[in-house]
Every structure is written in structure tokens, then in C-alpha cells.
Amino acid sequence: MFNCAAASRLSWFPKGHMEADETEEQTALREIFEEVGVKANLIDGFRVVDEHIIPNKVDTIKQIVYFLAEYKNQNVKFQKSELSAVKLLAFDEAYNTFEYESSKRILSAAYDHLSKAVY
């Protein structure tokens, strides 16, 4: 699942800032709920960190922590004021939709993790 913004036509995973006294995992679950309206469960053993320099901010590196989550029997209700769509795609289609290599790397890591998982 990933989000799309109408103005930029970019695609990305749900993410956001940690609030006071939140763990990384709590932040991930809250952001998923706020952005797409589902109560997800994190899948054990997957945590990927991505870092990049913030343009126009000297010596500022942004760190984003990603988790893998699943949800069942819920309808997606995304924030129409912030997003133009939320898409559920097969791996190949999702991979080809992403513009940034970091997003493709994270998606590939998630795919690999799921390929090895036993449910």
C-alpha cells in the first residue's frame, strides 16, 4: 500500500513524525490509521531505516524508519485533503510506480522478508 499526492504525482509509503512518548512501532501504526484508516498489525522482524539529506538545510539528515504491516477485513479510508489516492498493487506494478530508488529498495526488502516468512 502506498499513497499518492495529486499535486506532485509522487508515490510513497505511509509515514510521519513521532509524538511524545511514542515508540517507533506506535508511530507507524498511528500514521497508517491516520493516513489510510485501517488498524494494522506489524509483521515481526522487519525494520528498515532510510536516511537522506534535507535540501536547503545544512547538515540536516532525515531518518525514516519503515515497518511492514498487514490488515484484514477493513476498508481503506484515506485523507482526501492530503492524498489523491491509496493504491494496493502487485509487487512489479508497485516497484515500477516508485520514482525514488530508496522506495524501490524498501519495497524489495519487504518482498524478500515476506517471501521467507512462514504464516
Side-chain angles (χ1 to χ4, degrees):
M1 174 183 302
F2 59 92
N3 301 329
C4 302
S8 65
R9 300 210 186 277
L10 293 177
S11 300
W12 67 89
F13 299 110
K15 62 183 179 228
H17 298 282
M18 289 179 73
E19 293 182 357
D21 299 325
E22 256 185 349
T23 65
E24 292 175 342
E25 294 84 357
Q26 290 168 329
T27 300
L29 294 172
R30 178 183 51 76
E31 287 293 337
I32 291 168
F33 182 73
E34 287 177 0
E35 292 187 23
V36 297
V38 297
K39 294 282 188 181
N41 295 307
L42 297 182
I43 295 173
D44 289 337
F46 186 86
R47 180 184 181 274
V48 173
V49 178
D50 185 38
E51 293 182 339
H52 61 273
I53 296 170
I54 305 282
N56 303 321
K57 291 192 176 182
V58 179
D59 299 326
T60 302
I61 297 176
K62 183 173 187 174
Q63 184 181 72
I64 305 168
V65 179
Y66 292 94
F67 294 95
L68 189 56
E70 65 182 349
Y71 70 95
K72 297 177 184 176
N73 304 319
Q74 299 174 61
N75 294 319
V76 172
K77 295 173 244 151
F78 64 92
Q79 294 176 338
K80 293 181 182 178
S81 63
E82 295 185 25
L83 307 173
S84 64
V86 171
K87 297 180 180 180
L88 298 171
L89 302 173
F91 173 80
D92 290 336
E93 190 175 359
Y95 187 90
N96 291 326
T97 299
F98 284 122
E99 180 177 335
Y100 296 112
E101 289 302 316
S102 61
S103 296
K104 292 178 180 186
R105 180 180 47 77
I106 293 160
L107 181 64
S108 294
Y111 183 82
D112 290 345
H113 181 78
L114 289 174
S115 296
K116 296 173 188 170
V118 177
Y119 288 96

Undergrad: Between Arg105 and Glu101, is there a side-chain N and carboxylate O pair less than 4.0 Å apart?
TA: no

Undergrad: For Phe46 versus Phe67, what's the shortest heavy-atom pair and its separation?
TA: O-CD2, 3.4 Å

Undergrad: Would you say Leu68 ends up clustered with Phe98 if hydrophobic residues are merged whenever their side chains have heavy atoms under 4.5 Å apart, either directly or through other cluster members?
TA: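 Looking at the clustering, Leu68 is in the same group as Phe98.
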
Undergrad: Find out if a path of hydrophobic residues (ILVMFWY) with successive side-chain heavy-atom gaps under 4.5 Å connects Leu114 to Ile106.
TA: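 Result: yes, single cluster for both.
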
Undergrad: Between Tyr71 and Ala40, which heavy-atom pair has the shortest distance, and what is it?
TA: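 That would be CB-CA, 4.2 Å.
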
Undergrad: Is there a chain of hydrophobic side chains (I, L, V, M, F, W, Y, each step under 4.5 Å between heavy atoms) that links Ile43 to Tyr66?
TA: yes

Undergrad: Is Gln26 reaching over with its side chain to a backbone N or O of Thr23, donor-acceptor style, under 3.5 angstrom?
TA: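 Checking the backbone N and O of Thr23 against the side chain of Gln26, a donor-acceptor pair under 3.5 Å is found.
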
Undergrad: Do Ile32 and Phe78 land in one hydrophobic cluster if side-chain heavy atoms of ILVMFWY residues count as linked below 4.5 Å?
TA: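 In one cluster with Ile32: Phe78, yes.
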
Undergrad: Quick one: closest heavy-atom pair of His113 and Asp44, and the distance?
TA: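 In this case the closest contact between His113 and Asp44 is NE2-O, 3.0 Å.
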
Undergrad: Report the distance from atom NE2 of His52 to atom NZ of Lys62, rounding to the nearest 0.5 Å.
TA: 5.5 Å

Undergrad: Grab the two heavy atoms, one from Thr27 and one from Gly16, that are nearest each other, plus how far apart they are.
TA: CG2-O, 4.0 Å

Undergrad: State which residues pass side-chain contact (heavy atoms from CB on, under 4.5 Å) with Lys77; sequence neighbours excluded, sorted by chain then number.
TA: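 Expected list: none.
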
Undergrad: Give me the atom names and distance for the closest heavy-atom approach of His17 to Arg30.
TA: O-NH2, 2.7 Å

Undergrad: Between Val48 and Ala109, what is the shortest heavy-atom contact and its length?
TA: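 Closest approach of Val48 to Ala109: CG2-CB, 4.3 Å.
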
Undergrad: Please tell me if the side chains of Phe33 and Lys39 come closer than 4.5 Å, counting only heavy atoms from C-beta onward.
TA: yes

Undergrad: Evaluate whether atom CG of Asn96 has more than 12 neighbouring non-hydrogen atoms of other residues, nucleotides or ligands under 6.0 angstrom away.
TA: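 Yes, the 6.0 Å shell around CG holds more than 12 heavy atoms from other groups.
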
Undergrad: Check for me, please, whether Leu88 and Val38 land in the same ILVMFWY cluster - side-chain distances under 4.5 Å, paths through other members count.
TA: yes

Undergrad: Working to the nearest 0.5 Å, report the span between CD of Glu99 and NZ of Lys104.
TA: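 Going from the CD atom of Glu99 to the NZ atom of Lys104 covers 9.0 Å.
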
Undergrad: OG1 of Thr97 to CG of Asp92: how many Å apart, nearest 0.5 Å?
TA: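 Result: 10.5 Å between the selected atoms.
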
